[in-house]
Amino acid sequence: MFATYQTLHQGVRRATQLSLRSAIRMQGVRMQSTSAGESTTHFGFKTVKEDEKEQLVGSVFRNVASKYDVMNDFMSAGVHRLWKDHLLNVLNPARDTKLLDVAGGTGDIAFRFLDHVRKTHGPNNDASVTVVDINPAMLEVGMQRSKAMGYTDTGKISFQEGNAENLVNIPDASVDAYTIAFGIRNCTHVDRVVAEAYRVLKPGGRFTVLEFGQVENPIVKGIYDVYSFQVIPKLGQVVAGDAESYQYLVESIRKFPPQPKFAAMIKDAGFTIVGQGWEDLTFGVAAIHTGFKL
């Protein structure tokens with residue numbers, strides 16, 4: 001970071017002003033009346049009915065599917081690739097690992113998994129991956145990429161449409177590892193997603209989550225907030241022709257539980273965690289959470 005002190009100070013001040021405006025906007029949303037007994041949740045900074053969120057999130061990812069990975073490169077300056085590579089190093093799959101990758105429609109984690117196993121254990125391995133995503137548009141991108149990259153013909157990868165909160169096509173205790181990268185924050189009931197992960201994992205199985213986190217360092221947080229709210233939506237408009245969807249993605253990061261709270265949710269679902277349960281990446285901009293089914 002090569003910003004001068006004055007630029008840094010201005011960035012933090014703008015981030016603070018933006019945070020205040022966001023808080024006012026959120027408060028206004030909370031004050032809107034809802035029918036008695038209706039369950040609500042967040043969609044970015046908006047409050048919506050629970051049964052509406054899935055459709056709203058689906059619309060976002062239909063809009064961004066074809067440009068999703070390109071935009072990730074622009075949004076993170078390519079750092080998301082390093083985070084995902086590190087995720088596979090942390091997972092360290094065996095030659096016969098059966099992986100379930102949830103909310104992984106474009107195949108980014110799945111392809112890395114297969115490459116990692118081949119490089120580590122050779123081509124004659126028994127590893128396989130099932131990619132589950134609720135969004136058909138994201139799955140279509142992944143299947144096209146899989147075919148173009150030569151993965152489809154190996155028989156080691158499959159794609160299926162499914163809801164992370166209710167994996168009806170995945171039997172109990174049937175997979176060795178479960179990954180979900182930058183997807184769990186978009187789910188309506190995060191606790192149900194974690195519970196489903198516990199159900200489908202075999203005893204000894206590993207639950208690994210790569211997700212955006214909460215930055216604690218005030219200077220880094222100020223710069224990060226300015227970049228998130230003032231730059232990323234504009235990049236979304238330029239690169240993908242859709243600023244609104246990327247505004248939601250930025251807001252959804254701020255609504256996801258901070259690292260300690262999410263680690264507690266994983267533990268409450270029955271998983272065993274080691275140490276604090278997560279590893280911060282890039283000052284906490286992202287984090288890898290791990291739980292073991294013992």
Taking only residues two or more places apart in sequence, or in another chain, which ones meet [X] in a salt bridge (charged side-chain N to carboxylate O under 4.0 Å, His left out)?
| X | answer |
| --- | --- |
| D126 | R95 |
| D172 | R199 |
| E211 | R185 |

The complete set of salt bridge (charged side-chain N to carboxylate O under 4.0 Å, His left out) pairs with one or both residues in residues 130-141, sequence neighbours excluded, reads none

Residue pairs passing the salt bridge (charged side-chain N to carboxylate O under 4.0 Å, His left out) test with at least one member in residues 143-155, sequence neighbours excluded, are D69-R145, D108-R145

If you count every heavy atom of other residues, nucleotides or ligands that lies below 6.0 Å from K156 atom NZ, does the total exceed 12? yes

Nearest heavy-atom approach of G204 to L294 is CA-CD2, 4.3 Å

Suppose we screen for side-chain contact (heavy atoms from CB on, under 4.5 Å). Which residues come up paired with [X], at least two apart in sequence or across chains?
| X | result |
| --- | --- |
| A195 | none |
| L235 | M71, F74, Y227, V231 |
| N92 | H116 |
| S158 | T130 |

Residues 280-294 vs side chain to side chain donor-acceptor pair (under 3.5 Å), sequence neighbours excluded, gives W83-T282, Q259-D280, W278-D280

In short, ring-ring contact (aromatic ring centres under 6.0 Å, His included) pairs touching residues 191-212 with sequence neighbours left out are Y178-F207, F182-F212, Y198-F271, F207-F271

Residue pairs passing the ring-ring contact (aromatic ring centres under 6.0 Å, His included) test with at least one member in residues 127-171, sequence neighbours excluded, are F111-Y151

Is any NZ, NE, NH1 or NH2 atom of the basic residue among D176 and K202 found under 4.0 Å from an Asp or Glu carboxylate oxygen of the other? yes

